[in-house]
> 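Input: one structure, supplied below.
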Amino acid sequence: MPGRLPIPAGDAPPFRVAYAAASDDRTGQRRLADDVLAVIDFSTEPPEASDAPVVRVPLVQIGAERLQEVWRSPQPVTRGVHDGIRFTRNDAVLFGHLRLGEDGGGTLEALTGELYHRVFAAVRALGYPHVWRMWNFFADINGSEAGLERYRAFVRGRHSALSPVLPRFEQSLPAATAIGCRVPGIVVCFLAATEPAQQVENPRQVSAFRYPLRYGPKSPSFSRAVLKQWGGDAAHLYISGTASIVGDESRHPGQPEAQITEVLDNVEALLAAAAARTGAPLHPSLLRFYLRDPGHADLVAAAAARRFGPVPVMLLEGAICRTDLLLEVEGMAVSAEAETSG
Ligand code: 3EB
């Protein structure tokens, strides 16, 4: 009997993501390594003339040790700029980012529309048309613009840019995060790929793209999670910003401990929904929490460890899109096979 066929190298996960101490990279060399797909650096210091793989996200980290999120590729990467969008890519995936200032006088809605239009045109032109994951950070998320909450203006701008260009709109929405920061402008980063991945929705929640219109004039355009099954049973689950929402309603206003429990229950429900597709368990490999109140950090870290064991956690101060929500978590989960390959 012939042995098991070798898994083609092209089927192994083409990147892995980990947190690394920012202090281990005082000279900034990390960004130059030819296996670095992205470095996500959280700091409210003004961005330097940024090298392609470094995204400066203007949020404050909670805790003594400042971390960076580092994406590494087993294959050498190449870098470039397309229509102002800085990107790094290998044969399978492309990580890109773009920041637009708000001093030009336009509305956030128009700026978001322009940004999404440019990103989705770029990924098509570059041959990575499937956007799996997007992060959005902008100032004053709960403030108002022309009588509309800025988060809702963002949602409307995103919808107007995506609905004409995304085939099978509802099923092909990326997983996403949208968080308020204190620095003006909007920063978007994204993971795009040559191949599609699968949408995973949360059975405990109404799909965001079907939210009733009391939450805004358009429903938010994102999937709860996106699942990619690589070769040899390796799987990645990209988990959107997940809050204390059941059905379409916020739960436990003003109660941090109950919101934390609800958020972790939502993550578990997503992991189970994804495992039902892959046939193998997934567990979180990284969790990034956004807290309105940094005073909740110890509660959150302890609850995450109780629920998931020693998973790497990053804690950031950030505003959530509904004023009654105190926190949100996002992250990545992997199958056992994805930890040993890629
Ligand atoms: C929610 O579930 C919480 O508009 O891109 C989470 C993740 C939220 C992404 C977005 C919004 C977004 O509705 C808010």
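Numbering starts at 1 and runs along the sequence shown. Order of appearance sets the numbers: ligands from 1, and atoms from 1 within every ligand.
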> To the nearest 0.5 Å, how far apart are OG1 in Thr261 and CZ in Arg251?
13.5 Å
> Whether the Ser73 and Arg89 side chains hold a donor-acceptor pair (N or O, under 3.5 Å, no angle test) is what I'd like checked.
no
> Going by ring-ring contact (aromatic ring centres under 6.0 Å, His included), name the pairs with one or both residues in residues 283-308, residues two or more places apart or in two chains.
none
> Show every ring-ring contact (aromatic ring centres under 6.0 Å, His included) that has at least one partner inside residues 188-229, sequence neighbours left out.
Tyr211-Tyr215
> With sequence neighbours excluded, tell me which residues meet salt bridge (charged side-chain N to carboxylate O under 4.0 Å, His left out) with Arg72.
Asp35
> List of N/O pairs, ligand 1 versus protein, all under 3.5 Å?
unit_1, atom_1, unit_2, atom_2, d
ligand 1, 2 (O), Tyr211, OH, 3.2
ligand 1, 2 (O), Arg224, NH1, 2.8
ligand 1, 4 (O), Tyr151, OH, 2.5
ligand 1, 4 (O), Arg158, NH2, 2.7
ligand 1, 5 (O), Arg158, NH1, 2.7
ligand 1, 5 (O), Arg158, NH2, 3.3
ligand 1, 13 (O), Tyr211, OH, 2.7

> Using a strict cut-off of less than 4.0 Å between a Lys/Arg side-chain nitrogen and an Asp/Glu carboxylate oxygen, indicate whether Glu262 and Arg204 qualify as a salt bridge.
yes
